[in-house]
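Report on the following structure.
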Amino acid sequence: MSALEQEKIYTINDIYALPDKERAELIDGRIYYMAPPTRKHQRIVGELFATIREYINSNRGTCEINISPFAVFLNEDDTNYVEPDLCVICDPDKLTDKGCFGAPDWIIEVVSPGNRRMDYYTKLFKYRTASVKEYWIVDDERNLVIVYDFQNNSAANFTFSDDIPVCIYPEFHINLSSLNI
């Protein structure tokens with residue numbers, strides 16, 4: 001009987017050792033390479049960023065929004081590193097010049113054809129177990145936004161033309177059809 005080959009466990013050092021311009025995420029010691037985003041993907045991310053930043057600033061909010069590439073060390077260990085499209089962090093103690101250490105309050109991922117499984121399954125599980133409060137999956141192909149409110153253990157589906165409530169800001173709603181996408 002032969003010994004089973006062990007799968008290599010990668011660390012953040014392996015992510016930092018990647019060649020320039022090669023991007024990847026690390027989940028439970030497994031590397032997931034990232035394809036460059038499409039122009040439409042970037043327009044959606046940019047419009048959402050501007051809308052959320054404007055809301056935070058106009059309400060004198062203390063939370064900070066960050067746009068990918070931005071390092072999130074989910075479990076404060078060396079085997080989990082993600083770059084969400086957008087993330088809102090309300091605890092300034094989690095932020096350093098390297099990124100966010102611990103779970104952001106709100107994460108938004110815009111689905112690309114090559115990362116559908118990652119956003120719908122792998123990251124959903126990882127974000128929930130890491131104590132992210134709110135997770136949005138924005139799927140342009142399906143005209144769908146799934147909002148996971150992990151604090152209240154609920155999920156809801158919305159279209160781009162719906163006024164989508166933001167769980168961490170109860171008075172804030174986003175309607176993607178009103179954005180320039």
Handout entry: Atom of G102, atom of V72 and distance for their closest heavy-atom approach
Key = O-CG1, 3.9 Å
Exercise for the section: Evaluate the side-chain contact (heavy atoms from CB on, under 4.5 Å) criterion for residues K123 and I27: first the C-alpha distance (whole Å), next the side-chain angles of each, then the deciding distance (0.1 Å), finally the verdict. Expected result: CA-CA 8 Å; K123 287 184 177 179; I27 297 178; 4.2 Å; yes
Practice task
Might you confirm whether atom OH of Y121 has over 12 heavy atoms from other residues, nucleotides or ligands at distances under 6.0 Å?
Solution key: no
Exercise for the section: Consider only side-chain N and O atoms of E109 and Y127, and report whether a donor and an acceptor are under 3.5 Å apart. Expected result: yes
Practice task
List the steps, then state whether side-chain contact (heavy atoms from CB on, under 4.5 Å) holds for N13 with D78.
Solution key: CA-CA 8 Å; N13 289 335; D78 69 345; 5.9 Å; no
Handout entry: C87 side, atom SG; E134 side, atom CD - distance, nearest 0.5 Å
Key = 13.0 Å
Problem - Cluster link L179 to Y55, ILVMFWY, side chain under 4.5 Å - result: yes
Exercise for the section: Could you check V145 against T159 for side-chain contact (heavy atoms from CB on, under 4.5 Å), going step by step and ending with a plain yes or no? Expected result: CA-CA 6 Å; V145 178; T159 69; over 6 Å; no
Handout entry: Min side-chain heavy-atom separation V110-P37 under 4.5 Å
Key = no
Practice task
May I ask you to say whether D28 pairs ionically with K126, meaning some side-chain N is under 4.0 Å from a carboxylate O?
Solution key: yes
Handout entry: Side chain proximity check, E141 to R116, heavy atoms < 4.5 angstrom
Key = yes
Practice task
Examine R128 relative to F125 and say whether NZ or CZ is less than 6.0 Å from the centre of the six-membered ring and inside a 45° cone about the ring axis.
Solution key: no
Problem - Distance in Å, D139 CG paired with N157 CG, rounded so as to fall on 0.5 Å steps - result: 10.5 Å
Practice task
Answer yes if the side chains of Y135 and D149 hold a donor-acceptor pair under 3.5 Å, and no otherwise.
Solution key: no
Practice task
Answer whether the closest heavy-atom distance between the side chains of V45 and L86 falls below 4.5 Å.
Solution key: yes
Problem - Over all atoms of both residues, closest heavy-atom pair of N80 and I12 - result: O-CD1, 4.1 Å
Handout entry: Closest non-hydrogen atom pair between P165 and F158, with its separation
Key = CD-CZ, 3.5 Å
Handout entry: Any V111 side-chain heavy atom under 4.5 Å of H41 side chain
Key = no
Exercise for the section: Please state whether the rings of Y169 and W106 are parallel, tilted or perpendicular, taking 30° and 60° as the class boundaries. Expected result: perpendicular
Practice task
Would you check if I65 and F49 make a side-chain contact, meaning some heavy-atom pair closer than 4.5 Å?
Solution key: yes
Practice task
Assess the side chains of R23 and S68: does a donor N or O sit below 3.5 Å from an acceptor N or O?
Solution key: yes
Exercise for the section: Would you check if the side chain of K94 reaches a backbone N or O of A103 as a donor-acceptor pair within less than 3.5 Å? Expected result: yes
Handout entry: ILVMFWY cluster, V82 and I9 together (side-chain gap under 4.5 Å)
Key = no
Practice task
Give, for atom CD1 of I31 and atom CG of L18, the distance between the pair rounded to the nearest 0.5 Å.
Solution key: 5.5 Å
Exercise for the section: Fit a plane to each ring of F101 and F73, take the angle between them on a 0 to 90° scale, and name the class: parallel (under 30°), tilted (30 to 60°) or perpendicular (over 60°). Expected result: parallel
Handout entry: Shared hydrophobic cluster for I108 and I56 (ILVMFWY, side-chain gaps under 4.5 Å)
Key = yes
Practice task
Using modelled atom types only, decide if a donor and an acceptor are shared between the side chain of E25 and the backbone of E83 within a distance under 3.5 Å.
Solution key: yes
Problem - Interatomic distance, C90 atom SG to L95 atom CG [nearest 0.5 angstrom] - result: 10.0 Å
Exercise for the section: Check whether any side-chain heavy atom of W136 sits under 4.5 Å from a side-chain heavy atom of I107, and report yes or no. Expected result: no
Practice task
Would you mind telling me which of I146, I181, D85, L176 makes a side chain to side chain contact (heavy atoms under 4.5 Å, CB included) with V138?
Solution key: L176
Exercise for the section: First locate atom CG of L48, then atom CZ of R53, and finally report the distance between them rounded to the nearest 0.5 Å. Expected result: 12.5 Å
Handout entry: Shortest non-hydrogen contact from L124 toward F150
Key = CD1-CZ, 3.7 Å
Handout entry: Side-chain heavy-atom pair V147, C167 within 4.5 angstrom cut-off
Key = yes
Practice task
Verify the cluster assignment for Y120 and M118: are they in a single hydrophobic cluster under the rule of side-chain heavy atoms below 4.5 Å apart?
Solution key: yes
Practice task
Give a yes or no answer on whether the side chain of N57 reaches the backbone of R60 with a donor-acceptor pair at less than 3.5 Å.
Solution key: no
Practice task
Decide side-chain contact (heavy atoms from CB on, under 4.5 Å) for V166 and I174; before the verdict, give the C-alpha distance in whole Å, the side-chain angles of both, and the deciding distance to 0.1 Å.
Solution key: CA-CA 7 Å; V166 177; I174 297 176; 4.2 Å; yes
Handout entry: Whether D91 side chain and D93 backbone form a donor-acceptor pair below 3.5 Å
Key = yes
Exercise for the section: Using atom types as modelled and distance alone, determine if a side-chain donor or acceptor of T96 lies under 3.5 Å from a backbone N or O of K98. Expected result: yes
Practice task
Of all the heavy-atom pairs spanning A24 and Y81, show the shortest one and how long it is.
Solution key: O-CE2, 3.6 Å
Fill in the blank from the handout: Note: L26 and T79 closest approach over all heavy atoms is CG-O, 3.4 Å
Handout entry: Same cluster (ILVMFWY, side-chain, under 4.5 Å), V88 and F172
Key = yes
Fill in the blank from the handout: Value for CG (D163) from CG (N175), rounded to nearest 0.5 Å, stands at 5.0 Å
